[in-house]
Amino acid sequence: MNSAEIARATEAWFLEHQRDLPWRRTVTEGRRDPYTSLVSEFMLQQTQVSRVLEKFGPFIQRFPDVRTLAGASEDDVLAHWSGLGYYSRARRLHSAARAIVERHDGVVPSDVQSLRALPGVGRYTAGAIASMVFRQREAVVDGNVQRVLVRLHAKELRLGVPETDRWAWKIAQGLVEACGQPGVLNEGLIELGATVCTPKGPKCTDCPVSAWCAAKRDGLQEELPRPKPRAKRREVWHGVAIVVEGDRVLLERRPETGLWAGLWAPPAVEREDHPPTPEEVSAVVGGTTSSGPEGFTHETTHRIVRFNLYRVEGGQAGDRGWFSLRQALALGISKAHARIVRLALEA
DNA sequence: AAGTCGGGGAG
DNA sequence: CTCCCAGACTT
């Protein structure tokens with residue numbers, strides 16, 4: 001297979017057909033802004049472009065440079081990440097900004113080793129910044145690139161297994177060695193996977209490398225790559241104590257590990273396999289329980305969270321705080337808990 | 001090698 | 001409903 005031809009065709013296609021995305025518009029002095037590129041790469045980890053578009057602008061406006069982000073509070077950072085999910089990314093980005101200030105005098109490093117040493121920066125993100133911003137000859141492999149390469153070679157591989165990962169990195173490095181501009185090739189492969197070589201219904205007629213695609217040749221483009229074994233989800237019940245005083249609701253910070261780590265939420269009792277009793281819920285804040293708004297189910301990748309809501313009278317604040325809806329939304333708060341706060345304060 | 005971590009859009 | 005997304009990190 002001709003790596004040079006495939007790489008060049010991908011680069012040419014990308015330069016012609018790339019989407020207009022905000023983090024691609026930060027070019028000054030012939031180079032994309034390293035900091036905003038870093039922010040976009042963190043946000044894009046396991047997250048579709050359409051989701052990131054809603055959060056990227058406000059985040060950059062609030063934290064326009066490394067030092068501003070490094071100097072901000074964690075609550076402020078998490079608040080601007082709220083609704084985007086995978087909140088550990090926000091904490092790691094915050095830590096990375098502080099590390100850049102301390103280790104690199106506030107300048108985003110350009111070599112993969114230094115990038116890789118930053119919190120939250122793995123092999124993909126380091127390669128992305130090094131190649132797309134600093135124009136170094138480094139490869140990247142994400143879910144898009146894996147799918148494109150598996151199809152191109154019609155390899156019988158499943159996504160999400162180490163063998164596929166090792167194989168894809170090797171192939172990607174071969175392409176990078178043969179390409180013109182590594183950053184353009186890399187972003188082209190990713191863009192190809194996102195817009196043309198999609199998981200379902202790939203648009204092979206629009207593909208710049210279909211002439212070399214073994215999957216298309218063999219009619220396997222819909223079959224490859226084989227799907228990843230499905231994550232088994234566990235059920236968990238949250239009995240939530242809704243304590244209201246005037247137009248404010250009682251919130252506490254969640255534990256530093258686990259689901260929604262470090263975010264704010266109403267006091268709650270969590271149980272595996274069965275719902276907590278009203279008595280257990282009221283005991284959390286030491287008040288008396290009455291029925292609350294109707295509960296609901298919130299699903300994540302690995303859990304099905306069933307919320308039971310109780311109003312509790314006379315609850316104590318303790319190591320907690322009272323927040324209006326506006327104030328609550330200015331904290332890091334999950335989608336599910338934002339919904340609970342709204343239910344608590346309406347009517 | 002497997003598990004964990006969100007949330008939403010597409011099919 | 002199921003699947004997947006510009007992954008990283010822990011165990």
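Lettering follows sequence order; numbering is per chain, from 1. As the structure is a computational prediction, the values presented were derived from the model and not from experiment.
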Verify the contact: side-chain N or O of [X] to OP1 or OP2 of [N], cut-off strictly under 4.0 Å; return yes or no.
X: Arg89(A); N: dC9(C); result: no
X: Trp260(A); N: dG7(B); result: yes
X: Arg303(A); N: dT4(B); result: no
X: Thr125(A); N: dA8(C); result: yes

Query raised in the report: Is Arg226(A) paired with Glu156(A) through a side-chain N to carboxylate O contact shorter than 4.0 Å?
Result: yes
Requested in this report: Give a yes or no on whether a salt bridge exists between Glu222(A) and Arg151(A), defined as a side-chain N under 4.0 angstrom from a carboxylate O.
Outcome: no
What contact category does [X] fall into here, base, sugar-phosphate, or nothing, at under 4.0 angstrom with non-hydrogen atoms?
X: Tyr87(A); value: sugar-phosphate
X: Thr301(A); value: base
X: Gln45(A); value: sugar-phosphate
X: Gly201(A); value: nothing

Report, one line per pair, each donor and acceptor closer than 3.5 Å where one atom sits in a side chain of residues 121-129 of chain A; sequence neighbours left out.
{"unit_1": "Tyr124(A)", "atom_1": "OH", "unit_2": "Glu41(A)", "atom_2": "OE1", "d": "3.1"}
{"unit_1": "Thr125(A)", "atom_1": "OG1", "unit_2": "Gln45(A)", "atom_2": "NE2", "d": "3.1"}

Determine the Euclidean distance between corresponding [atom1] atoms of [M] and [N]; express it in Å to zero decimal places.
N: dA10(B); M: dA6(C); atom1: P; answer: 13 Å
N: dC4(C); M: dC5(B); atom1: C1'; answer: 15 Å
N: dC5(C); M: dG6(B); atom1: C1'; answer: 11 Å

Query raised in the report: Can you check the Arg24(A) CZ to dA6(C) P distance for me, whole Å?
Result: 11 Å
Requested in this report: Please state how far atom CD1 in Ile190(A) lies from atom C1' in dA6(C), giving the value in whole angstrom units.
Outcome: 5 Å
Requested in this report: Count the heavy atoms belonging to other residues, nucleotides or ligands that lie under 6.0 Å from CZ of Arg19(A), then report whether that count exceeds 12.
Outcome: yes
